[in-house]
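Side-chain atoms are counted along with the backbone in the values below, which use heavy atoms only and exclude waters and symmetry mates.
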Amino acid sequence: MTDIIVASGNPVKVNATRAGFTQMFPDEPLTVTGQAYPSGVAAQPMGDEETRAGALNRAQAARTAHPAAAYTVGIEGGCTLHPDDGMSVYAWVVVLNHTGQMGHSKTGTFYLPREVADLVRGGMELGDADDIVFGRSNSKQQTGSVGLLTGDVLTRETYYLHAVVLALIPFKNPAFTFPPA
């Protein structure tokens, strides 16, 4: 049984991780557990560097707490402010195995509507800003910004899924050497 710890209590992140591992290792029996760990970065990370650091910090904290786990996974969503006054959104995924090998990947990127971006720019977390603008409650544990803006063509879970799969490439291909983060 492959034991996977997702460094989050958010069911969206746990489900995306389960789906990614199942797709990449279909014959491997899995247990996937979510448990929150601190990111060590701002509640709403800004920029690639801070966002990626948050995902890595979460995966490392889970690794420290669960040294026997086969894998630990950190997923961190972030935003970037652009000179055109726009704001883009994405997430980083970091996977660590029991030997310390790392896989990492980033989701696709999309722009937020100004109404949401202005609230985030003012210091609000993206999920809270979405809830206000779209009249929702706890959207970050449901379809998220991407689901709200695409009419659920992509949900937050399917959005993370591709990055989880891509972060697993080094583990699917152990004969090759991949650089660390």
Transitively linked via ILVMFWY side-chain contacts under 4.5 Å: Met24 with Val93?
yes

Taking every non-hydrogen atom, the tightest pair across Pro38 and Arg58:
O-CG, 3.7 Å

Would you say that Phe110 contacts Leu112 through its side chain, given a criterion of any heavy-atom pair below 4.5 Å between the two side chains?
yes

Atom CG of Leu148 and atom CG of Leu154: how far apart are they, to the nearest 0.5 Å?
12.5 Å

Tyr160 side chain reached by Asn15 side chain, heavy atoms, under 4.5 Å
no

Between Ala62 and Ala7, what is the shortest heavy-atom contact and its length?
CB-CB, 4.0 Å

Taking the six-membered ring for Trp, is the centroid-to-centroid distance between Phe21 and Tyr71 below 6.0 Å?
yes

Are Asp131 and Ser137 close enough that a side-chain donor and a side-chain acceptor fall under 3.5 Å?
no

So which atom in Gly78 and which in Thr51 form the shortest heavy-atom distance, rounded to 0.1 Å?
CA-OG1, 3.3 Å

Checking Tyr90 side chain against Asp48 main chain: does a donor-acceptor pair fall under 3.5 Å?
yes

Closest heavy-atom pair, Asn57 versus Gly40, reported as atoms and distance to 0.1 Å, is ND2-CA, 4.0 Å

Starting at OG1 of Thr31, measure out to CG of Asp3 and round the result to the nearest 0.5 Å.
4.0 Å

Are Ile75 and Val94 connected in a single hydrophobic cluster, I mean Ile/Leu/Val/Met/Phe/Trp/Tyr linked by side-chain heavy atoms less than 4.5 Å apart?
no

Is there a side-chain contact between Phe176 and Ile169, using heavy atoms and a 4.5 Å cut-off?
no

With a 6.0 Å cut-off (strictly less than), is the heavy-atom count around CD of Glu49, excluding the residue itself, greater than 12?
no

What's the spacing between Leu119 CG and Met87 CE if we round to 0.5 Å?
9.5 Å

I'd like to check Tyr111 versus Leu149 (side-chain heavy atoms, cut-off strictly below 4.5 Å). Are they in contact?
no

Heavy-atom count check: over 12 atoms from other residues, nucleotides or ligands less than 6.0 Å from Arg136 CZ?
no

Is it true that a side-chain atom of Tyr159 and a backbone atom of Gly108 form a donor plus acceptor pair closer than 3.5 Å?
yes

So which heavy atom on Ala69 is nearest to which on Ile5, and how close?
CB-CG1, 3.8 Å

Heavy-atom check, side chain of Leu56 versus side chain of Met102, under 4.5 Å:
yes

So, the side chain of Arg156 versus the backbone of Ser139: is there a donor-acceptor pair under 3.5 Å, distance only?
no

Transitive ILVMFWY side-chain link Val116 to Met124, under 4.5 Å:
yes

On a heavy-atom basis, which atom in Ala65 and which in Tyr37 lie closest, and how many Å separate them?
CB-OH, 3.3 Å

Taken to the nearest 0.5 Å, the spacing of Lys172 NZ from Leu166 CG works out to 13.0 Å

For Thr143, which of Thr155, Asp152, Thr158 qualifies under side chain to side chain donor-acceptor pair (under 3.5 Å)?
Asp152

Membership question, hydrophobic clusters at under 4.5 Å side-chain separation (ILVMFWY): are Phe171 and Leu161 in the same one?
yes

Got a second to check how far Asn10's CG is from Glu157's CD, nearest 0.5 Å?
10.0 Å

Taken to the nearest 0.5 Å, the spacing of His66 NE2 from Thr72 OG1 works out to 9.0 Å

Do Val164 and Gln23 have side chains that approach each other closer than 4.5 Å (heavy atoms only, starting at C-beta)?
no

Ile132-Val146 co-clustered via ILVMFWY side chain contacts under 4.5 Å
yes

Any Thr80 side-chain heavy atom under 4.5 Å of His82 side chain:
yes

Is there a side-chain contact between Leu168 and Phe25 (heavy atoms, below 4.5 Å)?
yes

Can you check whether Ser39's main-chain N or O pairs, donor with acceptor, with Glu76's side chain at less than 3.5 Å?
no

